[in-house]
Amino acid sequence: MNNKLLVSAALAAVMSTGVIASAEAGSKKEKCYGVAKAGQNDCANLAGTHSCAGQSTLSDDKGEWKLVTKGTCSTLGGLSKKEAKKLYLASK
């Protein structure tokens, strides 16, 4: 049972990554970390504790991301993946 769940989660992550990457390239969006409200993240977090959209439990968690219009992330108070990852690693 756990193996089926793990395989399903991995498959969902791979599929959503492809969909998100296509959406990101086609609509000129970018991943913005630290701006998603609880339950409104777009996919897997930096900590690796989940791999699906809508599973964040904290608002504005620096490890969670949401697609935003390219160039608006910093004005929203968000971080790039590189910045968020640096903060995440420093907090460990």
Side-chain angles (χ1 to χ4, degrees):
M1 180 76 169
N2 285 338
N3 286 341
K4 283 184 177 180
L5 182 60
L6 184 59
V7 170
S8 295
L11 182 59
V14 168
M15 291 175 63
S16 63
T17 301
V19 170
I20 296 297
S22 295
E24 191 174 354
S27 63
K28 300 187 181 195
K29 300 249 179 184
E30 65 182 339
K31 291 180 181 180
C32 187
Y33 287 80
V35 297
K37 300 298 177 204
Q40 296 182 1
N41 64 300
D42 280 333
C43 203
N45 65 0
L46 287 177
T49 56
H50 67 79
S51 60
C52 296
Q55 292 190 343
S56 63
T57 56
L58 298 172
S59 292
D60 303 326
D61 184 338
K62 303 294 185 218
E64 302 289 349
W65 62 271
K66 188 161 187 67
L67 282 179
V68 298
T69 303
K70 200 167 217 163
T72 62
C73 184
S74 62
T75 58
L76 296 171
L79 304 168
S80 67
K81 183 175 184 177
K82 184 178 179 181
E83 294 167 329
K85 197 168 189 174
K86 185 176 178 181
L87 282 176
Y88 173 73
L89 293 174
S91 69
K92 289 196 134 210

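Residues: numbered from 1 along the sequence shown.
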Flag, side chain of N41 to backbone of A36, donor-acceptor distance under 3.5 Å = no
note = Scanning both residues in full, the closest heavy-atom pair of A44 with S51 reads CB-CA, 3.6 Å
message = Please enumerate all residues that pass side-chain hydrogen bond (donor to acceptor under 3.5 Å, both in side chains) together with T49, with sequence neighbours excluded.
response = N45
query = salt bridge (charged side-chain N to carboxylate O under 4.0 Å, His left out): which pairs involve residues 43-57, sequence neighbours left out?
reply = none
inquiry  = Would you compute the distance between atom OG1 of T69 and atom CD of E30 and round it to the nearest 0.5 angstrom?
reply    = 8.5 Å
note = Output for pair (W65 CH2, D42 CG), nearest 0.5 Å, gives 5.0 Å
Could you list the donor-acceptor pairs under 3.5 angstrom formed between side-chain atoms of residues 85-92 and any protein atom two or more places apart in sequence or on another chain?
unit_1, atom_1, unit_2, atom_2, d
Y88, OH, K92, NZ, 3.4
S91, OG, Y88, O, 2.7

ask   = What residues form a side-chain hydrogen bond (donor to acceptor under 3.5 Å, both in side chains) with S80, not counting sequence neighbours?
value = E83
query = Do side-chain atoms of K31 reach the backbone of K81 as a donor and acceptor pair under 3.5 angstrom?
reply = no
query = What pairs with A84 under side chain to side chain contact (heavy atoms under 4.5 Å, CB included), at least two apart in sequence or on another chain?
reply = Y33, L46, L79
inquiry  = Quick one, K29 and K70 - any side-chain contact, counting heavy atoms below 4.5 Å?
reply    = no
task = Could you note down all residue pairs passing salt bridge (charged side-chain N to carboxylate O under 4.0 Å, His left out) where residues 44-63 supplies at least one of them, sequence neighbours left out?
result = K37-D60
task = Each residue besides V35 in its hydrophobic cluster should be listed here, by chain and number; the cluster joins Ile, Leu, Val, Met, Phe, Trp and Tyr at side-chain heavy-atom distances under 4.5 Å.
result = V68, L76
request  = To the nearest 0.5 Å, tell me how far E64 CD sits from Q40 CD.
outcome  = 11.5 Å
query = Looking only at the SG atoms, are C32 and C73 under 2.5 Å from each other?
reply = yes
